[in-house]
Asker: 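Please read through the structure below; I'll follow up with questions.
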Amino acid sequence: MSADILTQIRGSLQSQGFPTPTLAWIQSAMPSRNPLPPLPALVATIKTRLLAADLTNPGILEPPAPAFPPNLANPEVKETKLPRDVPVQVLDIDNLSKSKWEQVEELEAIARGEQTRGREIVRLPTGADDDNEEHGVGSESTAPPPASRNTTVAANAAAASRNATHRLVLQDCRGQTLPGLELRRIERVGVGALHIGEKLLLRKGATVARGVVLLDPASCVVLGGKVEAWHRAWVDGRLARLREAVGADARG
């Protein structure tokens, strides 16, 4: 494979603000088709695979890969600035505008096939509803088809998070983690909107106060992506973690 094609792909990713992968990793992520697709399609493929990768895996990013400076997590340091752009991946997200119990109730409602719209409870379709329709049994209201259920829930979650404040756990390519706190709302950050493993770019000059990155639209760019296995495990365990936290608060 021509090294020129690999260099062009890397240059295109750099120009779009994505982390810079090594040429060896780009080659390993290339499609096996012969002949190869056009360059724009190749760039899109490599970008998708980069955003789905674990940045801590060796050999992905071109050395010296940008990472958090030493001692950045020190809570004794009142305030400092990032000296360069740092790509990170999301390990956790929490909505600080809702109590743990409110979040438990919301997830349990979704599990029952319900979702709130203001003060109204909207019943989402279930298998029983589908059976009733097949046998001519009417329902009180028309519900969206099953195929649109995930889209409806995601849209409602995104709408509810517009005025929320979120806390993130962010990881750089060396495996160092740092909490991030929304100082001002970032449109694409929200529970149900942001994925675990999704990539963010923390801009040079971003403020770190007592070991916490302060996030706003000027200092944090959402690049996209998801590490599928991480996200699935996070979603599956979220309700249990929230219930445990509620129980701990009650005992306390």
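Being a predicted model, the structure only gives us computed values, none of them experimental. Values below: all heavy atoms of this structure, side chains included; hydrogens, waters and symmetry mates excluded.
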Asker: Strictly distance-based, threshold 3.5 Å: is any side-chain N or O of Ser97 a donor or acceptor partner for the main-chain N or O of Thr165?
Answerer: yes
Asker: With a 4.5 Å heavy-atom cut-off, do Thr80 and Thr207 have their side chains touching?
Answerer: no
Asker: Measure from the side-chain N and O atoms of Gln171 to the backbone N and O of Thr177, and report whether any donor-acceptor pair falls under 3.5 Å.
Answerer: no
Asker: Does some side-chain heavy atom of Leu200 sit less than 4.5 Å from a side-chain heavy atom of Leu223?
Answerer: no
Asker: Out of Lys226, Gln89, Arg188, which one pairs with Glu198 under the side chain to side chain contact (heavy atoms under 4.5 Å, CB included) rule?
Answerer: Arg188
Asker: I'd like to know if the side chain of Glu102 and the backbone of Ser99 have a donor-acceptor N/O pair within less than 3.5 Å.
Answerer: yes
Asker: What I'd like to find out is whether the side chain of Lys204 reaches to under 4.5 Å of the side chain of Leu82, using heavy atoms alone.
Answerer: no
Asker: To the closest 0.5 Å, what do you measure between CH2 (Trp101) and CZ (Arg243)?
Answerer: 8.0 Å
Asker: Would the distance check show the side chain of Glu182 and the main-chain N or O of Ile186 forming a donor-acceptor pair, the cut-off being under 3.5 Å?
Answerer: yes
Asker: Which atoms form the tightest heavy-atom contact between Leu96 and Leu181, and what is the distance?
Answerer: CD1-CD1, 3.6 Å
Asker: For a quick check under 3.5 Å, do Asp216 and Ser219 share a side-chain donor-acceptor pair by atom type?
Answerer: yes
Asker: Salt bridge or not for Arg210 and Glu76, using N-O below 4.0 Å?
Answerer: no
Asker: So, using side chain to side chain donor-acceptor pair (under 3.5 Å) as the criterion, who are the partners of Arg167 when residues are at least two apart?
Answerer: Asp94
Asker: What are the two closest non-hydrogen atoms of Pro217 and Arg185, and how far apart are they?
Answerer: CG-O, 3.3 Å
Asker: How far apart are the closest heavy atoms of His231 and Ile196, and which atoms are they?
Answerer: ND1-N, 3.1 Å
Asker: Hey, does the side chain of Asp92 reach the backbone of Leu168 with a donor-acceptor pair shorter than 3.5 angstrom?
Answerer: no
Asker: Scan side-chain atoms only and decide if Asn95 and Gln103 contain a donor-acceptor pair under the 3.5 Å cut-off.
Answerer: no
Asker: Who pairs with Arg203 by salt bridge (Lys or Arg N to Asp or Glu O under 4.0 Å), at least two apart in sequence or on another chain?
Answerer: Asp85
Asker: Would you say Ser12's side chain and Gln8's backbone share a donor-acceptor pair under 3.5 angstrom?
Answerer: no
Asker: State, yes or no, whether a side-chain contact exists between Leu194 and Val90 at a heavy-atom distance under 4.5 Å.
Answerer: yes
Asker: Taking all non-hydrogen atoms of both residues, which atom of Gly197 and which atom of Trp230 are closest, and how far apart?
Answerer: CA-CE3, 3.8 Å
Asker: Go through the steps for Leu170 and Leu91 under the test side chain to side chain contact (heavy atoms under 4.5 Å, CB included), then give the verdict.
Answerer: CA-CA 6 Å; Leu170 306 173; Leu91 298 186; over 6 Å; no
Asker: Donor-acceptor check, side chain of Lys199 to backbone of Ala53, threshold 3.5 angstrom: yes or no?
Answerer: yes
